[in-house]
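Notes for the one structure printed next.
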Amino acid sequence: MTQLNARQKEAVLYIDGPCLVLAGAGSGKTSVITRKIAYLIQTCDVPARHIAALTFTNKAAREMKERVSNLVRGSAAKGLTVSTFHNLGLNIIRREYRSLGFKPGFSIFDAEDARSLLKELMLKDSDLDSDHLNLVQNKISNWKNDLITPKRALESAQSPGEQTIALIYQQYNQALRAYNAVDFDDLILIPVDLFQQHNDILIRWQKKIRYLLVDEYQDTNSSQYLLVQLLVGNRGSLTVVGDDDQSIYAWRGARPENMVQLKVDYPQLRVIKLEQNYRSTSRILRVANHLIANNPHEFDKALWSEMGLGDHIRVLRCAHEDAEAERVATEILTQRLRKQNKFRDYAILYRGNHQARLLEMKLQHHQIPYKISGGSSFFAKTEIKDVMAYLRLLVNPDDDNAFLRIINTPRRHIGTSTLEALGSYASQRQISLFAALDEVGLQSHIPEKNLERLVRFSHWMRQVAKNCASSDPIISVREMIDDIDYVGWMHQNSPSSKAAEKRIENVFYLVESLQKSLDKTEDDDEDDEKRIQDAIAKLVLRDLLERQEEEDESDQVQLMTLHASKGLEFPHVFMVGMEEDLLPHRNSIDENNIEEERRLTYVGITRAKKTLTMTLAGKRKQFGEHSATTPSRFLDELPKEDVEYEGFGEHNVEKNTAQGAETLNSLLNLFD
DNA sequence: AATCCTGGAGTTTTT
DNA sequence: CTCCAGGATT
């Protein structure tokens, strides 16, 4: 137990009750969790299969698993659960699907699936037009995260508009049921509901999970916290780790208040603060502390480090956005030469994805290698969505969404009128589209020629399913992709043959992942059919994509949003676009979410190990026209003595600090 | 059924 | 400006 400091040790060794670890940025929180798991297994003799650790991302789960297995000798860690909340939820539903009334092979709808379902519902029978699609989707998601049923939403609707959305919510849930599908929020909600309704099942799971650890606890939403509470029961065998100052997902339903709530729900809670930072210079931490002090705090916390004072933070004001991007590029080039750094030591962080574009151009121009993380994901690609839809329909014929996606992909010459007839027939008979294909009664509704095409599809699909069950499922899947000549279809529909090749490669990568997962579970007791159902469900959760950690080795400047940077660290960080309306973002100003924007800034600052450079543009082109910008209010919240300013005029800013919050802006007025 | 055109919007998005 | 979705057009 060397390496750990006193606070960390305390957090690891305290297992007599619920424990909240307030882990500041860079304070070694993952070490605490992994060491605690090892301690539980090796010293406290808790079998690994009775310990569960929950994270929000697969990446975090993978990393944690890896680190535990390095700490625990031999096979002692076997059976340990380290997974995302959603994955645990999926496992619970999988094991209990009978009690829940699901058929095996249920589908998981991702955000896009949910969106298209909602669109359909809204079009069908309400005065809501699809402009409100996002609003409706958010509202429903929020309701689910807050454990509000459609019924309760309807009862407590404040306005006719809200009432309409509540009705859509009701229909949406019914549709999901009919499709034998769940959405992401359901993966938490349904287990919670199940545990509340069936005490016997809950007790079974409580027996399974004797000790629970939760990472990034500030990001839990209400239903996730309730799931945690249910699983822990009154045993208090719980450790959560989190940092309220790094809560940047409130807009997505996260409830940082859950940290305070923990004190209320568990009065015997032990709170342990980790304030020593092992990442950044003390200058950087001073700046971060100073900024975040502007937020109200339930738990006070001040980071410190022994990494030396370090360089001043620099704030560079450039003439316009173009100059800003140019400046960042040349800074990286010259610094790299002077300090003999690698490109990979640099990260450029921004508020919105669109900001990456200009930077990208400039970096290219200077031949600086870079990597943009985030943006459109593997699973957003049409070819992946297509093949996933085939796979989903294969294991869940009731998945109408998947059916509609692929019925004409590739072209099967089935038109909208045919599908409409099929749709109305199916809904009249209360069956899924695929099930309706086999009904004799359909003959009177659809012209023979079209019907034949549908029937051919149905027979083919059934044959594929049969092959999957009777022989190697992966071979059957490959045959399926051959059958539909998806490769040919890709060539036909890609802008270039190069793009087509890339897409085909993606598809095969997907099939490979599927194969890997099937191979891995070969020794399990489950039969083939069950395994492929599982594997496909997990694919949706991106769980088994050993995403090629690939060019992690290569030397590239990292570009990403501030959100995406959480949990990472870089020797040299650039934060660009430090302007009002950008950071804080305009919408957040309107909605009074300044505190979360401040935390976002805090997250950005604390990514930096050695140097931090903030930039802003005096003028910025937005929506086609140039307009003057205002420096971010957060710049005024940095301690002046730790900052070097450039581009704010002739006067030294330090002489103007007394004027308070308006300092930088008034200085600019003088200058202009 | 495929392509063109027009208008409207323009954050962040671990699953 | 630039990117989409959806409607209109062929």
Side-chain angles (χ1 to χ4, degrees), chain A residues 54-63 83-90 108-116 119 123 129-131 133-134 137-138 141 144-145 182-189 215-216 218-221 223-224 246-254 321 349-358 373-377 379-380 408-409 411-418 492-493 537-543 545 547 560-568 577 581-591 593 596-597 599-601 603-604 620-627:
Chain A
L54 297 180
T55 64
F56 280 85
T57 67
N58 290 310
K59 196 176 158 207
R62 235 180 295 134
E63 191 183 313
S83 82
T84 62
F85 270 96
H86 294 266
N87 229 306
L88 176 70
L90 172 64
I108 300 170
F109 273 28
D110 67 14
E112 205 185 301
D113 297 318
R115 196 184 158 83
S116 71
K119 199 197 285 184
L123 233 97
D129 50 54
S130 47
D131 287 1
L133 193 57
N134 275 324
Q137 195 170 12
N138 275 333
S141 181
K144 286 196 173 191
N145 288 159
V182 299
D183 65 18
F184 280 147
D185 299 323
D186 285 339
L187 288 173
I188 313 297
L189 191 62
D215 191 19
E216 302 280 14
Q218 77 283 350
D219 288 339
T220 53
N221 60 36
S223 58
Q224 284 159 341
Q246 289 188 72
S247 161
I248 53 176
Y249 286 109
W251 52 273
R252 242 181 139 247
E321 50 185 356
L349 309 181
Y350 36 80
R351 178 66 234 260
N353 278 313
H354 65 277
Q355 289 174 267
R357 192 181 296 173
L358 241 188
S373 31
S376 64
S377 84
F379 280 85
N408 255 326
T409 309
R411 291 272 107 84
R412 265 181 270 267
H413 304 286
I414 295 165
T416 41
S417 53
T418 305
Q492 227 174 88
N493 285 279
K538 288 205 168 171
L539 266 183
V540 181
L541 293 186
R542 293 124 170 87
D543 185 37
L545 277 206
R547 69 172 58 190
M560 68 191 78
T561 63
L562 287 161
H563 282 93
S565 76
K566 194 172 78 158
L568 305 176
D581 288 354
L582 243 141
L583 185 65
H585 193 275
R586 179 189 256 113
N587 298 0
S588 296
I589 298 174
D590 293 346
E591 287 162 44
N593 288 333
E596 181 144 320
E597 297 289 306
R599 290 192 290 267
L600 198 49
T601 309
V603 166
R620 190 174 289 275
K621 200 170 18 176
Q622 50 182 351
F623 311 150
E625 52 195 303
H626 282 282
S627 50

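On a predicted model such as this, the values are computed, not experimentally measured, just so you know. Order of the sequence lines fixes the chain letters, A, B, ..., with proteins taken first and strands second; residue numbering starts at 1 for each chain.
In terms of modelled atom types and a separation under 3.5 Å, the side chain of A:Arg351 and the main chain of A:Leu583 share no donor-acceptor contact. Judged purely by atom type and a 3.5 angstrom limit, A:Gln355 uses its side chain to pair as donor or acceptor with the backbone of A:Gly352. With hydrogens and angles disregarded, no donor-acceptor distance shorter than 3.5 Å links the side chain of A:Asp219 to the backbone of A:Ala254.
Counting atom types as modelled, A:Arg252 pairs a side-chain N or O with a base atom of B:dT13 as donor and acceptor under 3.5 Å.
The CG atom of A:Leu133 sits 11 Å away from the C1' atom of C:dA5 (whole-angstrom rounding). Atom P of nucleotide B:dT11 and atom CD of A:Glu591 are separated by 13 Å, given to the nearest angstrom. For A:Asn138 and B:dT13, the CG to P distance is 14 Å, given to the nearest whole Å. Put simply, CD on A:Glu625 is 13 Å from C1' on B:dG10, counting in whole angstrom units. In this structure, the CD atom of A:Gln246 is 14 Å from the C1' atom of B:dT14, given to the nearest Å. Between A:Asp219 atom CG and B:dT14 atom P there is a gap of 12 Å when expressed in whole angstrom units. If you take CG of A:Leu358 and P of C:dC1, they are 15 Å apart, rounded to a whole angstrom. For the pair A:Asn134 CG and B:dG8 C1', the interatomic distance rounds to 14 Å; values are reported in whole Å.
Mapping A:Lys566 and A:His354 onto DNA chain B by nearest heavy atom places A:His354 at the nucleotide closer to the 5' end.
Side-chain nitrogen and oxygen atoms of A:Asn58 include at least one within less than 4.0 Å of the OP1 or OP2 phosphate oxygen of B:dT15. A:Thr84 has no side-chain polar atom (N or O) that falls below the 4.0 Å cut-off from OP1 or OP2 of B:dT14.
Considering only heavy atoms from C-beta on, A:Leu90 stays 4.5 Å or farther from A:Val182 through its side chain. Side-chain atoms of A:His563 and A:Tyr249, non-hydrogen and from C-beta on, do get closer than 4.5 Å to each other. Side chains of A:Thr220 and A:Phe56 form a contact here, defined as non-hydrogen atoms less than 4.5 Å apart. Counting only heavy atoms from C-beta outward, the side chains of A:Ser83 and A:Thr55 never approach each other to under 4.5 Å.
When distances run from any side-chain atom of A:Arg542 to the nucleotides B:dT14, B:dT15, B:dT13, the shortest one goes to B:dT15. With distances taken from any side-chain atom of A:Arg351 to the nucleotides B:dT12, B:dG10, B:dT15, the minimum falls on B:dT12. Proximity note for A:Asn353 (side chain, C-beta onward) versus C:dT2, B:dT12, B:dT15: the nearest is B:dT12. Side-chain atoms of A:Thr561 lie closest to B:dT13 of the nucleotides B:dG10, B:dT11, B:dT13. Nearest to the side-chain atoms of A:Arg357 among the listed nucleotides B:dT12, B:dT15, C:dT2 stands C:dT2. Of the candidates B:dG10, B:dT14, B:dT13, B:dT14 carries the atom nearest the A:Phe56 side chain, counting heavy atoms from C-beta on. Among the nucleotides C:dG6, B:dT13, C:dC1, the one closest to any side-chain atom of A:His563 is B:dT13.
The salt bridge (Lys or Arg N to Asp or Glu O under 4.0 Å) check on A:Glu216 picks up A:Lys29, A:Lys566, with sequence neighbours excluded. In this structure A:Asp186 satisfies the salt bridge (Lys or Arg N to Asp or Glu O under 4.0 Å) test together with A:Lys144, sequence neighbours excluded.
Stacking annotation: A:His86 is not stacked on the base of B:dT15 (requires ring centroids less than 5.5 angstrom apart and an interplanar angle below 30 degrees). Here A:Trp251 packs flat against the base of B:dT12; its ring centre is closer than 5.5 angstrom to the base's six-membered ring, tilted by less than 30 degrees.
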All N/O pairs under 3.5 Å across the protein-nucleotides 1-3 of chain B interface:
residue	atom	partner	partner atom	Å
B:dA2	OP1	A:Arg411	NH1	2.8
B:dA2	OP2	A:Arg411	NH1	2.8

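If you check every strand for non-hydrogen atoms under 4.0 Å, A:Tyr249 touches a base.
For the P atom pair drawn from B:dT13 and C:dC4, the interatomic distance equals 16 Å after rounding to whole Å. If you take atom C1' in C:dC3 and the same atom in B:dT14, they sit 26 Å apart, rounded to whole Å.
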